[in-house]
Every structure is written in C-alpha cells, then in structure tokens.
Amino acid sequence: MNKPTPLSGFPEFLPSQRTVEREVIATLSRTFELHGFGNIETRAVEPMDQLLRKGDTSKEVYVLRRLQEDDSSRDKGMGLHFDLTVPFARYVLENAGKLEFPFRRYQIQKVWRGERPQEGRFREFAQADIDIVGRDTLPFHHDVEVARVMLEALGKLTFLPGFTLQVNNRKLIQGFYAGLGAPDVEETMRLIDKLDKMPADEVGKLLVSEAGLTDDQAAKCLELATITATDDSFVEKVRALGVESELLEEGLTELATLITATAPLNTDSVRVVADLSIARGLDYYTGTVFETRLDGYETLGSICSGGRYDALASDGKTTYPGVGISLGVSRVLVPLVQKGVLDGDRKVPSTVLVAVSDEESRVEADSAAQQLRAHNVACEVSPNAAKFGKQIRFAERRGIPYVLFATEGGYEIKDIRTGDQVPADPATWTPQNESDLKPQVVANNEEKK
C-alpha cells in the first residue's frame with residue numbers, strides 16, 4: 001500500500017494531542033451536567049428536505065448514498081448533518097411526548113460541511129451545544145442562564161487563551177432599523193453582519209445601494225454598530241442616537257439584564273461585552289445573539305455562537321422556542337494543537353512502566369501490572385528485557401513518569417523526572433501527585449507569543 005495522502009479538512013490528532021480534546025470535552029460535559037443539562041446524541045444523517053430548508057447551506061451538505069444505489073432506493077435523499085440544531089429540532093418534535101419542558105440538553109458530536117478548508121474551518125469537526133427549549137413559551141431568564149453556563153465552562157478551560165463573549169439582541173437592532181425608517185430591515189441586518197469581514201465604509205455603501213437607506217440612515221446604523229460596553233451604559237448611548245420604537249426598548253431592556261447578570265463572571269480570561277455590531281446572519285434568531293472571539297486568534301472568527309430562536313420547531317399545534325449556544329471545539333483546538341500551543345504531556349495514558357529483568361520474570365511483571373490496574377493506576381509492561389537504562393529511556397520517550405522495578409525484597413518505584421526511587425507495593429501504590437494518574441494538558445507559552 002502506498003503512503004496515503006492526508007484529506008484536507010478532516011483533521012486527526014495524535015494520542016497526546018487527543019488528550020487536549022478529551023480534557024476539553026470532559027470539562028464541558030461536567031459543567032453542563034452540573035447545571036442540569038442532559039446529554040443526547042442524534043443520528044449522523046437527516047432527510048435532505050430538512051437539511052436544505054436553509055438555501056445558503058445547500059452547497060455544504062454531504063449527500064449520503066450507497067455505491068450501488070438506484071433511484072428507487074429507500075435510502076435516497078439523506079445527508080450528513082452540517083450542524084447540531086437541525087437534528088435537535090427534529091429530535092424535539094419526535095420525542096416531545098416523552099420530554100420534560102423546559103428541556104435542557106447538551107450535545108457534543110461531529111458534524112460535516114463541504115466548505116473550503118482553512119484555518120479554523122474544516123469539513124469534519126466537533127461541536128458542543130447547549131440549549132434550553134420550552135413548549136409555547138420560554139422565559140427570558142433562560143437566555144441569561146445559557147450565557148452563564150457557557151461562560152463558566154469556558155472559564156474552566158484554563159489552558160486555553162482568554163475569551164470575549166460578545167452579546168447583542170435582535171430586537172434592539174431590528175427596532176432601531178425600523179424606528180429609523182429602513183425600507184428593508186432584514187437586508188440591513190444582513191449587511192451589518194458583514195462588518196467583521198468588510199470595512200465600515202464599504203458596508204455603508206452597500207446599505208445605501210442594496211438596503212435602500214439614505215446616507216444619514218446608513219451613518220446612524222454604522223454608529224449604532226460601534227457601541228460596546230461591559231455594563232449597561234450602552235443603553236443611554238443608543239437612546240442618544242434619537243431613534244425610538246417599542247421593539248428597540250424591549251431589546252435594550254433584555255440586553256441590559258443579561259449584561260448585568262453575567263458581569264460577576266467577568267475575569268481576566270473570560271469577558272462579556274455588549275457589542276451592537278453583532279447581528280448573526282441566520283434569520284431564525286429572534287432575540288439574544290452571541291458570538292465569541294478567542295484572544296490572540298481573532299482571525300478564526302466566532303468560535304462560540306448562538307442565540308434565542310422563538311420557533312426552533314413546530315408541529316402546527318405547538319411551537320417550541322429555545323435559546324442555545326454552540327462551541328466549535330475543533331475550530332478552537334485544531335489550530336492551537338497544530339501550532340504546538342497545546343499538547344498532552346504523554347504519548348500514552350500509562351502512569352507506570354513495569355520493568356522486566358529477564359523474560360523468565362515476565363509473568364511476575366504482568367502480575368504486578370495487574371495489581372496496579374486493580375486500583376486504577378494505568379500501566380504497561382516493558383516490551384523487552386533490555387538493560388534498565390534502556391527501559392527507562394523507553395518510558396521517557398513515551399512520557400511515562402514512573403518505572404517499577406522488582407528487587408530482592410519486593411519492588412521499588414522510580415520517578416524518572418526527579419530520580420527519586422522508593423520501595424513500593426504494587427497492590428497499594430499510587431502517586432503522591434494525583435495529576436500523575438492521567439495525562440495532563442500542557443500549554444507552550446512560547447508558542448502563544
């Protein structure tokens with residue numbers, strides 16, 4: 001077999017790098033469950049008519065078909081899901097009679113998109129979503145709760161760079177544009193959403209040529225988008241622009257409530273900012289909207305996004321409103337791992353290498369290893385009976401911190417990082433430092449710079 005060529009957009013981790021991803025997923029899962037979110041996993045495929053409901057995704061969907069499939073196949077018309085929201089909406093409708101509302105779910109799963117691979121964007125990647133869904137109604141305090149939960153989860157990922165969670169409210173900007181007299185509010189919002197990709201003066205020209213605004217109206221829309229604040233001071237800045245509408249006031253109140261409620265969670269590494277340039281291009285958002293930037297890696301774009309959608313799903317009789325936020329696990333980790341910023345401290349999960357004096361004593365070495373495993377100390381037995389110096393170097397290459405040796409009277413264990421060697425009973429021994437029991441994530445601060 002010839003050496004295979006890597007597939008662009010389908011990242012794979014080495015075992016030590018996978019340590020980073022597993023720790024992120026475990027930390028997120030623990031945090032979400034502490035807040036009462038239940039875990040689900042949905043199927044990888046959905047009917048094409050569901051996946052293509054949003055026309056702008058049609059070019060990104062991977063179609064699923066068998067090699068020998070014909071036009072009459074019952075499998076025809078399926079595709080791999082490109083996010084976790086579409087399958088979640090279907091899941092809620094299918095299981096509504098068995099779920100307790102408000103339904104709180106978290107989901108960490110792979111998704112697939114046929115887009116051009118680039119930094120932070122892949123064809124196969126992992127996402128971590130949390131959502132709270134109600135039946136017919138969902139109080140606003142759940143918007144605050146979702147933000148607080150994700151902020152807490154991000155704050156626990158201490159080996160990552162800092163995060164800035166940018167928050168806005170669609171009611172605020174829609175009410176502002178309507179109160180301003182914009183002839184096409186939706187188009188105005190779509191164009192404002194381009195501000196992170198285009199210069200403001202170019203967006204201003206598009207607001208005039210494509211959204212039908214006057215020069216003065218376009219200028220006020222751009223002025224609104226410049227407003228940011230870490231407290232509720234943005235409210236008076238918006239009112240100073242002289243635009244009035246009931247929907248605008250409702251959005252201002254909701255956003256101020258969220259910013260005030262999340263302020264206590266602000267730290268050096270995690271910050272919440274009211275940013276009135278955030279619009280989110282998807283038209284199903286109806287209130288709160290979130291975007292998140294990773295400090296020092298702003299070119300990745302938003303790595304954690306979401307918001308309020310008052311019609312996640314409907315069966316014609318009942319509507320299921322929701323609010324959620326999604327973290328692009330792969331979008332964050334793959335660039336950092338590939339650049340050497342993050343890695344695991346071991347190539348294997350083993351805490352101990354059990355040395356072998358000679359092949360005749362391998363049975364005893366296997367027995368000692370089993371005693372260690374019996375109380376959850378991961379270990380492996382040396383693959384050969386080389387000189388002890390070579391066995392120690394073998395452990396060093398794999399990142400294994402301890403080597404267990406048989407002696408005349410029993411066993412001794414050596415911490416090969418410090419050189420300390422002490423008597424040890426494999427039936428009871430555990431490392432003094434509990435972190436030695438499993439691989440740890442390490443951050444290369446030089447690479448960060």
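This one's a predicted model, so the numbers in the text were calculated from it and none came from an experiment. Residue numbers start at 1 and run along the sequence shown.
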S.K.: Going by the rule ring pair (Phe, Tyr, Trp, His ring centres under 6.0 Å), which residues pair with Tyr402 if we only count those two or more places apart in sequence or in a different chain?
M.R.: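 Ring pair (Phe, Tyr, Trp, His ring centres under 6.0 Å) check on Tyr402 returns Trp429.
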
S.K.: For Cys379, does its backbone N or O pair with a side-chain atom of Arg373 as donor and acceptor, under 3.5 Å?
M.R.: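 Yes.
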
S.K.: Ignoring hydrogens and angles, tell me if any N or O in the side chain of Asn266 forms a donor-acceptor pair with the backbone of Val272 under 3.5 Å.
M.R.: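 It does hold such a pair.
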
S.K.: To the nearest 0.5 angstrom, please state how far the CG atom of Leu294 sits from the CZ atom of Arg331.
M.R.: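 Rounded to the nearest 0.5 Å, the CG-CZ separation comes to 11.0 Å.
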
S.K.: Does Phe37 reach the side chain of Thr31, with side-chain heavy atoms less than 4.5 Å apart?
M.R.: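 With C-beta onward as the side chain, the pair stays apart.
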
S.K.: Strictly by salt bridge (Lys or Arg N to Asp or Glu O under 4.0 Å), give each pair with a member in residues 352-361 just once, sequence neighbours left out.
M.R.: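 Qualifying pairs, neighbours excluded: Glu359-Arg362.
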
S.K.: Please identify each residue that fulfils side-chain hydrogen bond (donor to acceptor under 3.5 Å, both in side chains) with Glu115, with sequence neighbours left out.
M.R.: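 Counting only residues at least two positions away or on another chain, Glu115 forms no side-chain hydrogen bond (donor to acceptor under 3.5 Å, both in side chains).
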
S.K.: Indicate yes or no: at least one non-hydrogen side-chain atom of Ser277 is less than 4.5 angstrom from one of Thr226.
M.R.: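 The answer is no; the side chains never approach within 4.5 Å.
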
S.K.: Is there a donor-acceptor pair under 3.5 Å between the side chain of Gln440 and the backbone N or O of Ser435?
M.R.: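 Yes; at least one donor-acceptor contact below 3.5 Å.
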
S.K.: Please identify each residue that fulfils ring pair (Phe, Tyr, Trp, His ring centres under 6.0 Å) with Phe405, with sequence neighbours left out.
M.R.: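 Result, ring pair (Phe, Tyr, Trp, His ring centres under 6.0 Å) vs Phe405: Phe388.
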
S.K.: For Tyr106, which residues count as a ring pair (Phe, Tyr, Trp, His ring centres under 6.0 Å) partner, sequence neighbours excluded?
M.R.: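 With sequence neighbours excluded, Tyr106 shows a ring pair (Phe, Tyr, Trp, His ring centres under 6.0 Å) to Phe32, given in chain and number order.
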
S.K.: Taking NZ, NE, NH1 and NH2 as the nitrogens, is one of them in Glu145 or Arg104 under 4.0 Å from a carboxylate oxygen of the other?
M.R.: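 Looking at Arg104 together with Glu145, the answer is yes, because their closest N to O distance falls below 4.0 Å.
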
S.K.: Would you sort out whether Leu312 and Thr85 count as a side chain to side chain contact (heavy atoms under 4.5 Å, CB included), showing the intermediate values?
M.R.: CA-CA 8 Å; Leu312 168 71; Thr85 301; 4.0 Å; yes

S.K.: Using modelled atom types only, decide if a donor and an acceptor are shared between the side chain of Asp232 and the backbone of Val235 within a distance under 3.5 Å.
M.R.: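 No, the answer is negative, given that no donor and acceptor are paired below the 3.5 Å cut-off.
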
S.K.: Does Gln50 use its side chain to pair, donor to acceptor, with the backbone of Pro47 at less than 3.5 Å?
M.R.: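 Flag not set: sc Gln50 to bb Pro47 has no pair under 3.5 Å.
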
S.K.: Is there side-chain contact between Leu160 and Val332, with heavy atoms separated by less than 4.5 Å?
M.R.: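 Yes - at least one pair of side-chain heavy atoms lies under 4.5 Å apart.
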
S.K.: Arg346: which residues meet the side-chain contact (heavy atoms from CB on, under 4.5 Å) condition with it, sequence neighbours left out?
M.R.: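 Partners of Arg346 by the side-chain contact (heavy atoms from CB on, under 4.5 Å) criterion, ordered by chain and then number, come out as Thr351, Pro401, Asp436, Pro439.
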
S.K.: Does some side-chain heavy atom of Val146 sit less than 4.5 Å from a side-chain heavy atom of Ile130?
M.R.: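 Ile130 vs Val146: side chains touch.
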
S.K.: Does Glu41 have any side-chain hydrogen bond (donor to acceptor under 3.5 Å, both in side chains) partners at least two apart in sequence or in another chain, and if so, which?
M.R.: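 side-chain hydrogen bond (donor to acceptor under 3.5 Å, both in side chains) list for Glu41, sorted by chain: empty.
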
S.K.: Decide yes or no for Leu258 and Asn169: does some side-chain heavy atom of the first lie under 4.5 Å from some side-chain heavy atom of the second?
M.R.: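 A side-chain contact under 4.5 Å is absent here.
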
S.K.: Of all the heavy-atom pairs spanning Ala443 and Phe159, show the shortest one and how long it is.
M.R.: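 Between these two residues, the closest heavy atoms are CB-O, 4.0 Å.
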
S.K.: When you check the gap from the basic side-chain N to the acidic O, do Arg293 and Asp196 get nearer than 4.0 Å?
M.R.: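 Judged by the 4.0 Å cut-off on N to carboxylate O distance, Arg293 and Asp196 do form a salt bridge.
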
S.K.: Looking at side-chain heavy atoms only, is the closest gap between Ile108 and Leu84 below 4.5 Å?
M.R.: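 No, every pair of side-chain atoms sits at 4.5 Å or beyond.
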
S.K.: Using modelled atom types only, decide if a donor and an acceptor are shared between the side chain of Ser350 and the backbone of Val352 within a distance under 3.5 Å.
M.R.: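 Answer holds: no.
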
S.K.: Quick one: do Arg148 and Glu152 make a salt bridge, cutoff under 4.0 Å?
M.R.: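 Salt bridge: no.
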
S.K.: Heavy atoms only: give me the nearest His81-Leu51 pair and the separation to one decimal.
M.R.: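 The pair with the smallest heavy-atom distance is CA-CD2, 4.0 Å.
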
S.K.: State which residues pass side-chain hydrogen bond (donor to acceptor under 3.5 Å, both in side chains) with Asp420; sequence neighbours excluded, sorted by chain then number.
M.R.: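 Counting only residues at least two positions away or on another chain, Asp420 forms a side-chain hydrogen bond (donor to acceptor under 3.5 Å, both in side chains) with Thr418.
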
S.K.: Test side chain to side chain contact (heavy atoms under 4.5 Å, CB included) on Glu396 and Arg417; report intermediate values, then the result.
M.R.: CA-CA 9 Å; Glu396 286 176 332; Arg417 300 163 299 183; over 6 Å; no

S.K.: Please report the C-alpha distance between Leu255 and Val167 in whole Å, then the side-chain angles of each, then the deciding distance to 0.1 Å, and finally whether the side chain to side chain contact (heavy atoms under 4.5 Å, CB included) criterion is met.
M.R.: CA-CA 8 Å; Leu255 184 55; Val167 190; 3.6 Å; yes

S.K.: Write down the atom of Ala279, the atom of Arg170, and the distance for their closest heavy-atom approach.
M.R.: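 Closest heavy-atom pair between Ala279 and Arg170: O-NH1, 3.0 Å.
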
S.K.: Roughly how far, to the nearest 0.5 Å, is CZ of Phe234 from CD1 of Ile227?
M.R.: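 Reported value, rounded in 0.5 Å steps: 9.5 Å.
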
S.K.: Does Lys390 NZ have over 12 foreign heavy atoms under 6.0 Å away?
M.R.: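 Counting other residues, nucleotides and ligands, NZ of Lys390 stays at 12 neighbours or fewer.
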
S.K.: Please name the pair of heavy atoms, one in Pro161 and one in Asp295, separated by the smallest distance, quoted to 0.1 Å.
M.R.: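 Taking every non-hydrogen atom into account, CB-O, 3.5 Å.
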
S.K.: How long is the span from the CG atom in Leu64 to the CE atom in Met48, to the nearest 0.5 Å?
M.R.: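 The distance works out to 10.0 Å.
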
S.K.: Would Leu154 and Leu165 count as a side chain to side chain contact (heavy atoms under 4.5 Å, CB included) if you check the C-alpha gap in whole Å, the side-chain angles of each, and the deciding distance to 0.1 Å?
M.R.: CA-CA 10 Å; Leu154 294 176; Leu165 178 64; 6.0 Å; no

S.K.: Establish, from distance only, whether the side-chain atoms of Arg308 and Thr286 form a donor-acceptor pair under 3.5 Å.
M.R.: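 Judged by distance alone, the side chains do not pair up.
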
S.K.: To the closest 0.5 Å, what do you measure between CD (Gln391) and CD1 (Ile400)?
M.R.: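 Reported to 0.5 Å precision, the distance equals 11.0 Å.
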
S.K.: Got a donor-acceptor contact below 3.5 angstrom from the Gln421 side chain to the Gly419 backbone?
M.R.: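 No, the answer is negative, given that no donor and acceptor are paired below the 3.5 Å cut-off.
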
S.K.: What residues, two or more places apart in sequence or in another chain, satisfy side-chain hydrogen bond (donor to acceptor under 3.5 Å, both in side chains) together with Thr267?
M.R.: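 Once residues adjacent in sequence are excluded, the partners of Thr267 under the side-chain hydrogen bond (donor to acceptor under 3.5 Å, both in side chains) criterion are Ser269.
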
S.K.: Which heavy atom of Gly340 sits nearest a heavy atom of Asn444, and at what distance?
M.R.: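 In this case the closest contact between Gly340 and Asn444 is O-CB, 3.2 Å.
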
S.K.: Classify the ring geometry of Phe88 against Tyr91: parallel below 30°, tilted from 30° to 60°, perpendicular beyond 60°.
M.R.: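 The rings of Phe88 and Tyr91 lie parallel, inter-plane angle below 30°.
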
S.K.: Between the side chain of Thr257 and the main-chain N/O of Thr253, is any donor-acceptor distance below 3.5 Å?
M.R.: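 The answer is yes, because a donor-acceptor pair under 3.5 Å joins these two groups.
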
S.K.: Quick check for you: to the nearest 0.5 Å, what is the distance between Thr42 atom OG1 and Glu94 atom CD?
M.R.: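 That separation rounds to 10.5 Å.
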
S.K.: Any non-hydrogen side-chain atom of Lys171 less than 4.5 Å from a side-chain atom of Glu254?
M.R.: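 Yes - at least one pair of side-chain heavy atoms lies under 4.5 Å apart.
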
S.K.: Which pairs with one or both residues in residues 374-389 pass salt bridge (Lys or Arg N to Asp or Glu O under 4.0 Å), sequence neighbours excluded?
M.R.: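 Matches after skipping sequence neighbours: Glu380-Arg398.
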
S.K.: Look up atom CG in Asn168 and atom OG1 in Thr228, then write down how far apart they are to the nearest 0.5 Å.
M.R.: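 These two atoms lie 11.0 Å from each other.
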
S.K.: State, yes or no, whether a side-chain contact exists between Lys339 and Tyr297 at a heavy-atom distance under 4.5 Å.
M.R.: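 Counting from C-beta outward, Lys339 and Tyr297 do come under 4.5 Å.
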
S.K.: Return each pair, listed once, that meets salt bridge (Lys or Arg N to Asp or Glu O under 4.0 Å) where at least one residue sits in residues 18-31; pairs must be two or more places apart or across chains.
M.R.: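 Counting only pairs at least two positions apart or across chains, the salt bridge (Lys or Arg N to Asp or Glu O under 4.0 Å) contacts touching residues 18-31 are Arg18-Glu21, Glu23-Arg30, Glu23-Lys438.
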
S.K.: Pairs of donor and acceptor atoms involving the side chains of residues 317-330, under 3.5 Å and at least two apart or interchain, shall be tabulated with distances.
M.R.:
residue: Ser326; atom: OG; partner: Gln127; partner atom: NE2; Å: 3.3
residue: Ser326; atom: OG; partner: Asp129; partner atom: OD1; Å: 2.5
residue: Ser330; atom: OG; partner: Ala126; partner atom: N; Å: 2.8

S.K.: Measure from the side-chain N and O atoms of Thr19 to the backbone N and O of Gly344, and report whether any donor-acceptor pair falls under 3.5 Å.
M.R.: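 No, because the side chain of Thr19 does not come within donor-acceptor range (under 3.5 Å) of the backbone of Gly344.
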
S.K.: Which heavy atom of Leu437 sits nearest to which heavy atom of Asn376, and what is that distance?
M.R.: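 Taking Leu437 first and Asn376 second, the nearest heavy atoms are CD2-O, 4.1 Å.
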
